[in-house]
S.K.: 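Here it is: the structure, laid out below.
In what follows, every chain begins at residue 1, and chains take the letters A, B, ... in the order their sequences are listed. Computed from a prediction, not measured in an experiment: that's the story for all the values here.
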There are 2 protein chains.
Amino acid sequence: MATPRRVTLNDVAAASGVSRSTAGFVLADNPNQTISAATRDRVRAAARELGYVPSGVARALREGSSRVVVLEVDWAYDGNYARSYIRGLDAELAAHGHVLMVRHGSHDDRATEQIVQAIEPRAVVRFGESYMTGHDLEDMGGGWRGGLAAHVALQIGHLAAHGHTHIALALPTAHSALTEARHRLTARHAQTLGLPAPVVVDLPSPRASGTAALRRLRGKHPQVTAIAAFTDEIALRALGAARDLGLSVPGDLAVIGFDDTEGGELSVPALTSVHIDAEVHGRRAARSLLNLDPGTLDPDPGHVVARESV
Amino acid sequence: MATPRRVTLNDVAAASGVSRSTAGFVLADNPNQTISAATRDRVRAAARELGYVPSGVARALREGSSRVVVLEVDWAYDGNYARSYIRGLDAELAAHGHVLMVRHGSHDDRATEQIVQAIEPRAVVRFGESYMTGHDLEDMGGGWRGGLAAHVALQIGHLAAHGHTHIALALPTAHSALTEARHRLTARHAQTLGLPAPVVVDLPSPRASGTAALRRLRGKHPQVTAIAAFTDEIALRALGAARDLGLSVPGDLAVIGFDDTEGGELSVPALTSVHIDAEVHGRRAARSLLNLDPGTLDPDPGHVVARESV
DNA sequence: CTGAAAGCGCTTACAG
DNA sequence: CTGAAAGCGCTTACAG
């Protein structure tokens, strides 16, 4: 079973009776070359007929980088944000002849280095990066219009609208630029609303540890009546801990999630959360990476899904 | 800011005063060439000093495929199986100079084709494939020893041990080779235990649909006292549906998950599930892909985490 | 309007 | 023990 030899540009050239150069110019739609319509048609037909697909590897060697974009993500993510972001990024890259690959796990520089050496991607993106900054994204990334700041405002605003003033922000154990940004934005919005600065709490897994952490929080900060969680996952831990402590939710303690997962829809009580559609974030990130005009797509503003936990 | 030109084999050869060929032979540890120890040392030192890293792209062009392995995964997965599988696969590939990349989303052939064209990976693996088959994996993949069959036996056996005889298997809406395998293996093990063939049920999202589906199941198959779910995620839907119907768990209906997620630990009632560590599966899949000796690693047999739902 | 040629960086059969 | 050379498949400046 010899692997069928791949169809190359040479084959296309031979089949259409032109030189490889000419075939290449036609297929690349090279604007600095004028090729007769007849030749163009012949070359295109031959390419189609032979099922010619350019070798990405050869192209990458020639051009200095491949048409691959690598997205680095940490482990925990299953919310709507990640899914829709990746969907958007993927679709937009595909529309411009690029391919998205994701790299999982904790990312030290050595691993990234290895990938760069292995496939020389056009770009390496860290998940969540454009969500925080968005400098060049006209207020879309970290901004107040459909960005992280806006989503934080939705979360804290919902709690405030239900009369909560002393809020704890539950962040994951491992800090990152994104947790910092969340903290900063949350504090800023609380201030805007005239609320005291939120205290930060770590509600770790497994369940018993989370419960212990919530008990400590209640002891140290008895005024806290609501928890704003970094993710639904962490909000679910808050729910479990509250239950272990015999606290009623939302009576004794309100809990609001972030990024609306299915787990939140099914929890007891059902979790109130911020729903975020990041497809446009993904699309714009793709365009920005490819140095294309960002376009006029507006990010979805997000909304609170009010269920039972606030 | 001119990008610092990459260090090539030519640079190493020049720096150590040998030809490119000789440098190449040394760095590849080519066994058909005898190179004097002095030369070898000079070349190695120069490579180290210059920070030489071979270009994966050039190598791929020359060798016909890159040292990249692509893992295709569908969307929903966040259990221990996937994490540990990917961890093992990644580590083992890395140990042999390869890099793992994952491709997300539903995988039509066109997308796969594009990736193959773009980076010519050494292999493309579908997530879960080796879990089902495992022909060449000495009973490890689909087999009864630390494989899918064994894990299914754990799940159904736990239900049987609690006196359940009429079991429903909750499969995802979208069928695949893996759902087929689960069904087949579940039916087989039920038969082994002398139980009637399990009925299959689809408990879809959103919550209301899942509830309706469970109601129909109860109407049609009133004898069913337990649900064995394809994943924890689906088990959680069963829990939500049972709650909506006023059913007590496990009193009126027992539910057992699969692949032990954090969501199951936090649910109400807490979910009993099958815990699976697939690191060895991942490692052996890597070795098999690379045509290496599978080694002597034994897969973790898995175990039931008994909580409150059975 | 079209073609011959160079070169991206590597591996390795072949000739000394 | 070491080197000159071919070739993987592409793109594109240059010469006709």
S.K.: Just call it for A/V18: base, sugar-phosphate, or nothing, with non-hydrogen atoms closer than 4.0 Å on any strand.
M.R.: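 Result for A/V18 = sugar-phosphate.
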S.K.: Over all strands shown, is A/S21 touching base, sugar-phosphate only, or nothing at heavy-atom distances under 4.0 angstrom?
M.R.: base
S.K.: More 5' along DNA chain D: B/I35 or B/E63, using each one's nearest nucleotide?
M.R.: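 Nearest-nucleotide comparison on DNA chain D picks B/I35.
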S.K.: Which ranges of DNA chain C pair up as stems, where a stem means three or more consecutive Watson-Crick or G-U pairs with both distances under 3.5 Å?
M.R.: C:1-3 with D:14-16, C:5-12 with D:5-12, C:14-16 with D:1-3
S.K.: Can any side-chain N or O of B/R40 pair as donor or acceptor with the backbone N or O of B/A23 at less than 3.5 Å?
M.R.: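 Checked: no pair found.
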S.K.: Between B/L9 and A/R62, who's closer to the 5' end of DNA chain C by nearest nucleotide?
M.R.: A/R62
S.K.: If you compare every side-chain N and O of A/T8 against the phosphate oxygens of D/dC8 (OP1, OP2), does one of them come in below 4.0 Å?
M.R.: no
S.K.: A side-chain contact here means heavy atoms from C-beta on lying under 4.5 Å apart; do B/L89 and B/L71 qualify?
M.R.: yes
S.K.: Just the rounded figure in Å: distance from C1' of D/dC8 to CZ of B/R67.
M.R.: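 Distance check: B/R67 CZ to D/dC8 C1' gives 15 Å.
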S.K.: For A/R59 and C/dG9, give me the distance from atom CZ to atom P, rounded to whole Å.
M.R.: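 One finds 18 Å between P of C/dG9 and CZ of A/R59, rounded.
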S.K.: Can you tell me if B/S66 uses its side chain to pair, donor with acceptor, with the backbone of B/I119 under 3.5 Å?
M.R.: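 Yes, B/S66 side chain to B/I119 backbone: donor-acceptor pair under 3.5 Å.
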S.K.: Flag the pair B/R122 / B/E63 as yes when at least one side-chain heavy-atom distance between them is below 4.5 Å, and no otherwise.
M.R.: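 Yes, side chains in contact.
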S.K.: Over how many whole Å does the gap from A/L61 atom CG to D/dC10 atom P extend?
M.R.: 12 Å
S.K.: Do any of residues 42-51 of chain A sit with a heavy atom less than 4.0 Å from DNA chain C, and if so which?
M.R.: none
S.K.: Are the side chains of B/R44 and B/V26 in touch, meaning some heavy atoms are under 4.5 Å apart?
M.R.: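 With C-beta onward as the side chain, the pair touches.
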S.K.: Tell me whether the count of non-hydrogen atoms from other residues, nucleotides or ligands lying under 6.0 Å of CD in A/E49 goes above 12.
M.R.: no
S.K.: Parallel, tilted or perpendicular: which one describes the rings of A/Y81 and A/H281, with boundaries at 30° and 60°?
M.R.: perpendicular
S.K.: Nearest-Å distance, CZ (B/R6) to P (C/dG7)?
M.R.: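 Computing the B/R6:CZ to C/dG7:P distance gives 19 Å.
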S.K.: Report yes or no: is there a donor-acceptor pair, N or O only, under 3.5 Å between the side chain of B/S19 and the base of D/dA4?
M.R.: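 There is none.
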S.K.: Could you measure between the two P atoms, the one in C/dG16 and the one in C/dT12, and give it in whole Å?
M.R.: 22 Å
S.K.: Does the side chain of A/V69 reach to within under 4.5 Å of the side chain of A/V125, using non-hydrogen atoms?
M.R.: yes
S.K.: Can you check the B/R20 CZ to C/dC8 P distance for me, whole Å?
M.R.: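 The answer, rounded to whole Å, is 10 Å.
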S.K.: Looking at D/dC8, I'd like to know if its phosphate oxygens (OP1 or OP2) sit under 4.0 Å from a side-chain N or O belonging to A/S55.
M.R.: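 Indeed not, no polar side-chain atom of A/S55 lies that close.
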S.K.: Grab the CG-P distance between A/L27 and D/dC10 for me, whole Å please.
M.R.: 9 Å
S.K.: Just by distance, do the side chain of A/S84 and the backbone of A/N80 share a donor-acceptor pair under 3.5 Å?
M.R.: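 Checked: pair present.
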S.K.: To the nearest Å, how far apart are A/E120 CD and C/dC8 P?
M.R.: 13 Å
S.K.: Take the protein atom CG of B/N10 and the nucleotide atom P of C/dC8, then report the distance between them rounded to whole Å.
M.R.: 9 Å
S.K.: Are B/R284 and B/D293 ion-paired here, with the side-chain N under 4.0 Å from a carboxylate O?
M.R.: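 No salt bridge links B/R284 with B/D293.
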